[in-house]
Each structure stands twice: as structure tokens, then as C-alpha cells.
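Below is one structure, written out as C-alpha cells, with a few remarks after it.
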Number of protein chains: 2
Amino acid sequence: VPKVVDHERRREELADAALRLIARDGMRGVTTRAVAIESGWSTGVLSHYFGTLNDLLLAALRRAAEVQGRVFRERRSQSPEDPVEQLRLIVESMLPLDERRVALTRIFAVYYAELGVNHLAREEVVDYLDNFRRMVERIISRGQSDGAIPRGRDATELAVDLVALADGLSVHATIDPRILGRLQSEARPGERVVREVLGLSPHPA
Amino acid sequence: VPKVVDHERRREELADAALRLIARDGMRGVTTRAVAIESGWSTGVLSHYFGTLNDLLLAALRRAAEVQGRVFRERRSQSPEDPVEQLRLIVESMLPLDERRVALTRIFAVYYAELGVNHLAREEVVDYLDNFRRMVERIISRGQSDGAIPRGRDATELAVDLVALADGLSVHATIDPRILGRLQSEARPGERVVREVLGLSPHPA
């Protein structure tokens, strides 16, 4: 029987290879040749699936965001009630604490620099951050209603700031090993950040 | 008499032209031709002062940082005692609330994406952020000693977070007009951010 090529699977393999390279070597590491070697496929196969390196970058961005979303939903389902714990998981899903999240932070930075060639992808990055903010805002509003989170500050504003802080720390950690080291040395860096922004005491009562 | 060319002044003019273009049109706006037109000098003059576009970008980064430092020191000298006010000035000197700060945020993003060709410049960006953190940390420590800022959190940690939040907001504001609009609508966005991170009440008592 003829081999059935699972195109979706192959696209994922190539995107994953790009993510590994970005995490390991930075954005300059992503060349057609390097991705071909890393994935074990030829440059011909690569160009069949992705016309340009920019298409591959966009696929890698979507792949990382999709995996991030899945990991986050799995973890959230383990603590469905506690808003601080849910916010901690969101913040920690953004911090560059493993290869995938390092790569995601670096790809985002390309669009922050407005150098991602694909305008559509920049819109995706903007929407992606906005989805994070809305999810955070809902959790904060709920926590403020039931008394787990102090009232007195606007939930939208807190959500904007919490996502900005998580992302700012992520970006700083990818360019400065001392900042990454600080985050890695903490048991729950996301919890500290959440408690700080929400005005909760540093350590749970 | 022969004309005396003020080389330093001309380099500044060219760097300022690059900053205006970056603020107006984003990083893609910075081409040799566009900077020549914007500055009123020929591409020949431009290439005499800056061998590559990357050299010009680095000069623009230094120029923006230098102007930012000067503006900050002037403002700080007007409120030498109040730590919250000093921190507000630092945060607002980072936020992209005028052309120069928009350009600075965008140039930083290029180095965050690790796409700034000059490795030395990335080190400068890392040092620049670190200087901000140390300045913030000193002010927080002093405020904690004299009771203006709540104790109980590590000053270094607070400084890392405050600079990350200011920078995260800046980056988000340059790619998302809604975030920029929020910051522009506030009378003192830096004060809100400072009070939030330091655990001070939203409005001064």
C-alpha cells in the first residue's frame, strides 16, 4: 500500500524544529538549512510546506501558542476554583521557563519590533495578548466579587498590567541571564507577580 | 574662512532624523534613502557618518537614551525628596508617550528580538535596563527605610518587576493602539503603576 503522508503532522514537526532552534540559538538560528537539518527533512520538503521562512515562523508561532494553550487548560482544570492559582498558571505559561516558552517569547519580540514580515501575524500577536488580558480580567472580576482578590482597582487595568509585567519579565529574561536566573530560582514566580499586582500579601495567609 | 563642520552636531541630526522615522513609520521606515530625505542631507553624507544602517540605529539608540537621561534628571531635580514621585518620573520616562520614547521602545524591541546586528548594542540595552533597575532599587530602599514605601518585599525584586512592567506596557502600547490610548488617557500613568507594584493605595492619602 502507498504511504499516507500526514501533512499536518509533518508541518508540526517542521514548526517544532524551528522552535527548538529559536530557543537554542535565537532568531538568527532559524535558516532554511538549519531547520532542515534539525527536523531531519530536506530543504526541498521544507519549501514544499513553507514557501518562505516567514511562513515557517508564523507556523511556529501558532504551534507554540497552541501547545501553550493546551498546557494551560490542562493545568487550570486541576485548580478550577482558586483565582490566584489560576492567574499564577497564566503568568507562568508566559514566562520563558522552558524551551517552548523561550522560543515563543523570542518570536513575539520579532513582531514587537514590527519586523515580522507578515502583517497578519502581528494582528495575531495583538489578539493573542488581548485574549490573555480578557481571561485574566474575568478571573480577577470573579475573585473581586467573592472576596479572594482586594477590590478598589479596576479589573481591566489590573489585567493590562499583569499581562504587561509577565511579558516584560519574559522579554528581559530572554536577553539577560540574570533575570532568567532569578525567575528559575523561585518555586512559583507567577504567584509572586500575581500577589504583587493584585495587592495581596507576599505569602499566603 | 572655511566652514567649520560640527561633526558631532551632524551625527545628532542624522540620528534624530532616524528616530523621527522610527516613531512615525516603525522600524521598516528606516532606510538610508528615507533618513537622507528626512534629515535634508545626501545619502553620501549619511554613509560618511554611518557606514551601515546598523551603525545609524546604534547612534539613534544612544541619542534617544541620552536625551531620555537628560529629561529624567531635569525632572527629578524638581522633586528630590518624594520617592513615589521619583519612581513615577522614571516609569514615565520609559512609556512611549511622545515620538522619542516611541522610537526608543521600537529600537529596544529590535534588540529584544536579538536581531540587532551589533552584539555590543545588545549589551548596551541590557546595561541600560540594569541601570534603571539599580536606580529604582536605590529609591525603593530609601523609601522603605523612611517609611514612605511599605516594607516586606525585597527592593531588588520590586525594581526588577517595576522596570519589567513599565517596559512591557511600553512594548504593548507600540503594537496595540488600545493600550497606548489607555496610557494617554491617564494623567499620571507612571504613578498608578508605581503604587500598584509597591502596594500603596491607588490614590494618595
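So you know, we letter chains A, B, ... as the sequences are listed, proteins then strands, and number each from 1.
With a 4.5 Å cut-off on non-hydrogen atoms, Arg192(B) touches chain A through its backbone and its side chain both. Only the side chain of Ile179(B) comes within less than 4.5 Å of a heavy atom of chain A; its backbone N, CA, C and O stay farther away. Both the backbone and the side chain of Val197(A) come within less than 4.5 Å of a heavy atom in chain B. Neither the backbone nor the side chain of Ser170(B) comes within less than 4.5 Å of any heavy atom of chain A.
Between Leu169(A) and Val160(B), the closest side-chain pair of non-hydrogen atoms falls below 4.5 Å.
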For His172(B) and Val126(A), what are the C-alpha separation, side-chain angles and deciding distance, and is it a side chain to side chain contact (heavy atoms under 4.5 Å, CB included)? CA-CA 8 Å; His172(B) 290 179; Val126(A) 168; over 6 Å; no

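Here the CZ atom belonging to Arg106(A) is positioned 14.5 Å from the OH atom belonging to Tyr112(B), to the nearest 0.5 angstrom. The structure places CG of Asp161(B) at 5.0 Å from CG of Leu165(A), a figure rounded to the nearest 0.5 Å. Glu196(B) contributes atom CD, which lies 5.0 Å from atom CZ of Arg153(A) (distance to the nearest 0.5 angstrom). Distance check, rounded to the nearest 0.5 Å: CZ of Phe108(B) to CD1 of Ile175(A) gives 8.0 Å.
Interface remark: of the candidates Leu198(B), Leu162(B), Asp167(B), Asp167(B) forms the most heavy-atom pairs closer than 4.5 Å to chain A. Listed options Val163(B), Val193(B), Thr174(B), Asp130(B) were ranked by heavy-atom pairs under 4.5 angstrom with chain A; first place goes to Asp130(B).
Contacts between residues 17-25 of chain A and chain B, defined by a heavy-atom separation under 4.5 Å, are made by no residue at all. Residue-level contacts of residues 91-103 of chain A with chain B do not occur; threshold 4.5 Å between heavy atoms.
Counting heavy atoms of neighbouring residues, nucleotides and ligands inside a 6.0 Å radius, atom CZ of Arg9(B) exceeds 12 of them.
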